[in-house]
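Input: a single structure, listed below in structure tokens.
A, B, ... follow the sequence lines: proteins, then strands. Residue 1 opens every chain. What you see is a predicted model; the values in this text were computed from it and never measured.
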Amino acid sequence: MKFIRPRGTSDILPDEQNYWNYVLDKAKNTAIKFGFQSIETPTFEDTNLFKRGVGEGTDVVMKEMYSFDDLGGDSITLRPEGTASVCRAYIENGMKNQPQPQKYFYNASMFRYERPQAGRLREHHQFGCEIIGDENPEYDAEIIQLGWKYIKNLGLSNIELKLNTLGDSKTRKLYLRDLSNYYNQFIHRLPKIDSDRLLRSPLRLLDSKEIITKELSSGAPKSVDYLSEESKTHWDRLIYLLDKFAENNEDFHYEVDNRLVRGLDYYNRTVFEFIPQNSSTQGTILGGGRYDPLIEMLGGPSTPGIGFGSGIERMIIELKKQKVKIPANQTVDVVIIHMGGIIEDLWGLISDLRDNGLSTVFAPNRSMKSQMRYANNINAKIAIIVGPDEISKGSVNIKDLSAAGSQKELILDSKVIFKYIREKNIL
RNA sequence: GUGGAUGUAGUGUAGUGGUUAACACGUCUGGUUGUGGCCCAGAAGAUCGAGGGUUCGAGUCCCUCCAUCCACCCCA
């Protein structure tokens, strides 16, 4: 019986870690520059949190949740997304008593029972950012700038930013009604997929891939025309702010796409996505929007919020596709090559080396040639060679593995060894 | 959940019904006594994704399952 990992999960092996470290470093550092703070919430939550927050009618809740009853009989769900949990934490911990708005970032596994594909997993990792407690469009602009800056700091290019507004809940109902009515006129011409969807979520028809629907969609009512006075002001202001931002950042571009829809119920007003040009269908690298009704829906005080989630795995796929140069994995600094069963005489030295910041390992107990090969194969920078001869003399041989024939005998004294390494500038 | 493609050592591949499944990279061991990278030699490593079936005989054909990939759906 062989075990294999569950479908749609992945092992992130040491060779891949430089990508993960790179992406997460850029993500965190960028968010910190924008004044965001790290937050962590549990991997699983009360199932109702997601039903209530994400929306009973959404695909995510209806057919993609990892839900189960725990031994106490409570229904538990592995989080399918991050925002609901963060908002729950905001409410539960009384974060409204902290300076507003609160700005959080997190990196966490998300779980959705989906049919796996490249860039779509059952467990994937999201770096997410949220601004909670201020409804002004300046923060819409800020979160978009943060997303953009993050992607830019990663060294990615040719990423499109798409932007839309869904209006607020009142005008949205009106809009949805008119949108449904519009498509209903053509119900007999719609492909079955879309006539089905029309009942569930009419917004979806706007970004349908069916040719007929696409044609019909060009004449469909636009959400921008249904904005309330406030939402219109909000939207216009956001556009103005982004245009201003673009004046100082030449490579910042956005495109208003009134077919852009997002799948979670809590979104209102601003929604946006960053999508690599000529990407496949699993292309969205970062997506988010405003969710003003959410906290109240979860039983908290009426509190606006806006945020985004970005898929780490998708970022890495794109980094590889664009051949962005990533720093290599950290390698070992010093390998101790030892003969004659005297390794225990070197533990003091090994300890000193580590305490002074050098990653140090001893070679496996094999022939010297094999130990040297080992040092080479793990890309170590320095070999320190000690056998019975050196022990009796109280010395070591130290060798710079990047240069041929650079071996030097030193006395077995960590200070002398550090001095030599520093002077020779080997590391 | 729907449709399609694929599945051979750790990785990448060859093998297109017939003896002990091949090659490259990687790993390990050697190339005389304690010195890596190049080179040379050798070894280990695959019940050919799993289980059934057809056949005298299957990695090769058929079925089921599993997994990966692609499209849909959905989303990060």
Where protein sits on nucleotides 5-13 of chain B, one letter per nucleotide: B base, S sugar-phosphate only, - none, heavy atoms under 4.0 Å | ---------
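Among residues two or more places apart in sequence or in another chain, the ring pair (Phe, Tyr, Trp, His ring centres under 6.0 Å) test is passed with A:His338 by none. A:Phe68 meets the ring pair (Phe, Tyr, Trp, His ring centres under 6.0 Å) test with no other residue; sequence neighbours excluded. Every residue two or more places apart in sequence or in another chain that forms a salt bridge (charged side-chain N to carboxylate O under 4.0 Å, His left out) with A:Lys63 is listed here: A:Asp59. Among residues two or more places apart in sequence or in another chain, the side-chain hydrogen bond (donor to acceptor under 3.5 Å, both in side chains) test is passed with A:Glu210 by none. With sequence neighbours excluded, the residues that form a side-chain hydrogen bond (donor to acceptor under 3.5 Å, both in side chains) with A:Ser67 are A:Thr77. Listed by chain and residue number, nothing satisfies the side-chain hydrogen bond (donor to acceptor under 3.5 Å, both in side chains) test with A:Ser406 (two or more places apart in sequence, or in another chain).
Within residues 365-374 of chain A, the residues that have a heavy atom under 4.0 Å from RNA chain B are, in order of number, A:Arg366, A:Ser367, A:Met368, A:Lys369, A:Ser370, A:Met372, A:Arg373. A heavy-atom distance below 4.0 Å to RNA chain B is reached by these residues of residues 6-24 of chain A, ordered by number: A:Arg7, A:Gly8.
Proximity note for A:His124 (side chain, C-beta onward) versus B:rG34, B:rC73, B:rA76: the nearest is B:rA76.
For B:rC73, one of the phosphate oxygens OP1 or OP2 lies less than 4.0 angstrom from a side-chain nitrogen or oxygen of A:Lys209. Using a 4.0 Å cut-off, no side-chain N or O of A:Arg120 falls inside it from OP1 or OP2 of B:rC74.
Among pairs with a residue in residues 4-29 of chain A, those fulfilling ring-ring contact (aromatic ring centres under 6.0 Å, His included) read A:Trp20-A:His125, at least two apart in sequence or across chains. Counting only residues at least two apart or in different chains, ring-ring contact (aromatic ring centres under 6.0 Å, His included) contacts with residues 137-160 of chain A comprise A:Phe127-A:Tyr150, A:Trp148-A:Phe245, A:Trp148-A:Phe252. Sorted by first and then second residue, the pairs that involve residues 264-285 of chain A and meet ring-ring contact (aromatic ring centres under 6.0 Å, His included), not counting sequence neighbours, are A:Tyr266-A:Tyr291.
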